[in-house]
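Each remark here refers to the structure printed beneath this line.
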Amino acid sequence: MGMRVYNTLTRQMETLEPLEPGHVRLYTCGPTVYDYAHIGNFRAYVFEDLLRRTIRLAGYRVTQVMNFTDVDDKTLRGAQAQGVSLDEYTRPFKQAFFEDCEALTIERAEHYPAATDHIPEMIALIERLLERGVAYRSDDGSVYFNIARFPSYGRLQRLNAAEMRAGARVAQDEYEKESAADFALWKAWDAADGAVAWESPWGRGRPGWHIECSAMSMKYLGESFDVHTGGVDNIFPHHENEIAQSEAATGKPFARYWLHCAHLGVEGRKMSKSLGNFHTLRDLLERGYSGREVRYVLSSAHYRQALNFTFAALDAARAALARLDTFVARLRERAGGAAAAPQSDWAAALRERMRAALFEDLGVADALAALFDLVHEGNRRMDRDELAPPAAAGVLALLDEADSVFGFLHGDSERPDERTLALIAERQAARAARQWADADRLRDEIAARGWRVKDTPNGPQAERLAQRADQP
């Protein structure tokens, strides 16, 4: 079954046909490591993980590159404010990113290049652009890309000539559409950069943000590759500038397919620290939710549709996952140790529905509908004793395949967060001291975080509640 995706570059659905048969090369814009990634960032990263997993389900090998932007205006400001080196400032945020990805079961990419490790490749790429006459040096030693020398500039964003400002320059890394102008490839050092600088043929300085992704993607994936992804906010200026500088340097198409996910809102409003609705994954875990529940919410809507993130949606995710867990437990009990039989017609039909939905531009809504139809029909057949052990084992195998894409079906390895574990230990100590009122209070606090404590001869065991105790 072929896989189709919506290509932002052409504004139409296209069949995914990699340059190398059987092998998809994928570049995903990673985090700018100046702070902890928030759930809006992870909406994009979960979408990209879903894409990676679906491409593999379609039978392709995947080589994925996700960069770390560790030198740009934001990271420099942060390091200066704290009075530490750039590496000291960004290193904890890189580690936190991997921890958050693990909590969300986001698979590891094959390569995670950091911008600061690839300055020579960026300098070499800028030299090519100067040699081709599409870049120029300014009086202060900076180097700019001349958009007037690249006639197709603006085709990703659908900019027109009236939106260009010929001869104008933009030095900052991020800017608005109406500022479309020559952009910095290399920024001459100034006092605001502190100790952060590299030597180049044009003097001391640092790369612009946009050149970083071009240099790193081409190093690991080649001058032309298959798929480039990011959020819609990356379309302009970042991805537009990537295309211009890459194709101007090589004379070849850069990426064939461009996929972008829509924005995430929170409780119906734009996420903002001033509104108090700005959440990192760590915030949500501290509230007692799990990475599995967050992943369910972030991947439950089509990636090109705006997603409204609510705590009610997280609680609904908890209930849906509890239903899945109950179904899996019933199947395991029914299957026993039986070998999986070939899937019966009803299960095979639902499997094909899921696959067809995913292969049509990641149609997760239809795929999830098929998944829960499978749960309904499987439960109905078990209620009527119409599901033999080999057939139950076959359904479990089908769920394993589905989870290879969804990444949230199996909760066996889920454990409470550190704060909940500490509360469980406090409750155990209170019970041992016969402080029953304290034990009851702690039990309720644990339940409010989404966990039930079962007292067993082997000690307390925690299991997920389908609904938080502080929810109606």
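The figures here come from the full heavy-atom set of this structure, side chains too, leaving out hydrogens, waters and symmetry mates.
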### Distance-only donor-acceptor check, side chains Arg155 and Ser152, under 3.5 Å
yes

### Message
Do the side chains of Arg256 and Glu14 get close enough for a salt bridge, i.e. N-O under 4.0 angstrom?
### Response
no

#### Entry: Atom of Ala135, atom of Leu185 and distance for their closest heavy-atom approach
CB-CD1, 3.7 Å

#### Entry: For Met218 against Thr250, the heavy-atom pair lying closest together
SD-CG2, 3.8 Å

### Message
Given 3.5 Å as the limit, does a donor-acceptor pair link the side chain of His111 with the main chain of Pro113, or not?
### Response
no

### Query
Can we say Arg128 and Glu223 salt-bridge, meaning some charged N sits less than 4.0 Å from an Asp/Glu carboxylate O?
yes

### Message
Does any part of the side chain of Phe150, heavy atoms only, come nearer than 4.5 Å to the side chain of Gln245, both counted from C-beta?
### Response
no

#### Entry: Donor-acceptor under 3.5 Å (Glu293 side chain, Ser290 main chain)
yes

### Task
For the residue pair Thr420 and Ile446, establish whether any side-chain heavy-atom pair is separated by less than 4.5 Å.
yes

#### Entry: Spacing of NE2 belonging to His228 relative to CD belonging to Glu242, to within rounding of 0.5 Å
3.5 Å

## Note on the structure
dist Phe236:CZ -> Arg158:CZ (nearest 0.5 Å) comes out at 14.5 Å

## Note on the structure
Contacts of Arg61 meeting salt bridge (Lys or Arg N to Asp or Glu O under 4.0 Å) (sequence neighbours excluded), chain-then-number -> Glu20

#### Entry: Candidate pair His239 and His260, rule ring pair (Phe, Tyr, Trp, His ring centres under 6.0 Å), full reasoning
CA-CA 10 Å; His239 290 168; His260 295 93; 5.0 Å; yes

### Query
Are the charged groups of Arg330 and Glu333 less than 4.0 angstrom apart, N to O?
no

### Task
May I have the step-by-step check of ring pair (Phe, Tyr, Trp, His ring centres under 6.0 Å) for His279 and Phe311, ending in yes or no?
CA-CA 11 Å; His279 304 300; Phe311 286 97; 5.4 Å; yes

### Task
Looking only at non-hydrogen atoms, find the nearest pair between Arg53 and Val405 and report the distance.
CD-O, 3.1 Å

### Query
Shortest non-hydrogen contact from Leu307 to Ala301?
CD1-CB, 3.7 Å

### Message
Strictly below 4.0 Å, N to O, side chains only: are Asp373 and Arg353 in salt-bridge contact?
### Response
yes

### Task
For the pair Tyr60 and His23, evaluate ring pair (Phe, Tyr, Trp, His ring centres under 6.0 Å) and give the outcome as yes or no after the intermediate values.
CA-CA 5 Å; Tyr60 297 104; His23 180 200; 9.6 Å; no

### Message
Pair Glu401, Arg355 - check salt bridge (charged side-chain N to carboxylate O under 4.0 Å, His left out), show working.
### Response
CA-CA 10 Å; Glu401 178 182 279; Arg355 291 168 64 92; 3.5 Å; yes

### Query
Which value, rounded to the nearest 0.5 Å, describes the distance between Met3 atom CE and Ile55 atom CD1?
5.0 Å

### Query
Which value, rounded to the nearest 0.5 Å, describes the distance between Trp186 atom CH2 and Leu125 atom CG?
12.0 Å

### Message
Can you tell me how far apart CG (Leu9) and CD1 (Ile243) are? Round to the nearest 0.5 Å.
### Response
5.5 Å

### Chi angles and distances behind the ring pair (Phe, Tyr, Trp, His ring centres under 6.0 Å) call for Phe372, Phe327
CA-CA 10 Å; Phe372 281 99; Phe327 179 58; 9.5 Å; no

### Message
Between Asp73 and Lys187, does any side-chain N to carboxylate O distance fall below 4.0 Å?
### Response
yes

### Query
Should Phe68 and Thr90 count as side-chain neighbours, where that means a heavy-atom distance under 4.5 Å?
no

### Query
Any Lys/Arg nitrogen of Arg149 or Asp182 sitting under 4.0 Å from an Asp/Glu carboxylate oxygen of the other?
no

#### Entry: Within-4.5 Å side-chain heavy-atom neighbours: Leu16 and Tyr257
yes

### Query
Are side-chain heavy atoms of Lys219 and His118 found at a separation under 4.5 Å?
yes

### Task
Determine, for Arg287 against Asp283, whether the closest basic-nitrogen to carboxylate-oxygen distance falls under 4.0 angstrom.
no

### Message
Is the shortest side-chain heavy-atom distance between Tyr34 and Leu76 below 4.5 Å?
### Response
no

### Query
Should Arg56 and Glu107 count as an ion pair when the cut-off is N to O under 4.0 Å?
yes

### Charged tip of Arg304 within 45° of Tyr6 ring normal and under 6.0 Å
yes

### Over all atoms of both residues, closest heavy-atom pair of Glu247 and Pro253
OE2-CA, 3.6 Å

#### Entry: Option among Tyr220, Trp258, Phe254 that satisfies the ring-ring contact (aromatic ring centres under 6.0 Å, His included) test with Phe225
Phe254

#### Entry: Salt-bridge contact Asp385-Arg334 (side-chain N to carboxylate O under 4.0 Å)
yes

### Message
Working note: Asp226 + Tyr27, criterion side chain to side chain donor-acceptor pair (under 3.5 Å); need CA distance, chi angles, decisive distance, verdict.
### Response
CA-CA 8 Å; Asp226 301 303; Tyr27 188 84; over 6 Å; no

### Task
Kindly determine whether Arg292 and Asp325 satisfy salt bridge (charged side-chain N to carboxylate O under 4.0 Å, His left out), including the steps that lead there.
CA-CA 12 Å; Arg292 185 180 177 223; Asp325 290 345; 2.6 Å; yes

### Query
Heavy-atom distance under 4.5 Å between the side chains of Thr280 and Leu285, does that happen here?
no

### Task
Return yes if some donor-acceptor pair links the side-chain N/O of Arg132 with the main-chain N/O of Ala249 below 3.5 Å, else return no.
yes

### Derivation of the side chain to side chain donor-acceptor pair (under 3.5 Å) call for Thr63 and Glu110
CA-CA 6 Å; Thr63 297; Glu110 281 65 37; 5.3 Å; no

### Message
What's the separation between atom SG in Cys213 and atom CG in Asn241, rounded to the nearest 0.5 Å?
### Response
11.0 Å

### Query
With a distance cut-off below 6.0 Å to the six-membered ring centre and an angular limit of 45° from the axis, does Arg169 pair with Tyr144 as a cation-pi contact?
yes

### Task
Mind running side chain to side chain donor-acceptor pair (under 3.5 Å) on Thr229 and Thr28 for me, showing each step along the way?
CA-CA 5 Å; Thr229 66; Thr28 57; 4.9 Å; no

### Query
Step by step, would you call Asn308 with Thr310 a side chain to side chain donor-acceptor pair (under 3.5 Å)?
CA-CA 6 Å; Asn308 183 35; Thr310 68; 5.5 Å; no

### Query
If you measure from the Lys or Arg side-chain nitrogens to the Asp or Glu carboxylate oxygens, is any gap between Asp70 and Arg91 under 4.0 Å?
no

### Task
Work out which heavy atom in Met354 is nearest to a heavy atom in Ala402; give both atom names and the distance.
SD-CB, 4.1 Å

### Task
Output all residues satisfying salt bridge (Lys or Arg N to Asp or Glu O under 4.0 Å) with Asp100, sequence neighbours left out; order by chain, then residue number.
Arg282

### Query
When the ring planes of Phe97 and Tyr45 are compared, do they come out parallel, tilted or perpendicular, using 30° and 60° as the limits?
perpendicular

### Cation-pi check, Arg295 onto Phe42 ring (under 6.0 Å, within 45° of axis)
no

### Task
Indicate yes or no: at least one non-hydrogen side-chain atom of His263 is less than 4.5 angstrom from one of Asp233.
yes

### Task
Salt-bridge test for Arg108 and Asp49: reply yes if a basic N is under 4.0 Å from a carboxylate O, no otherwise.
no

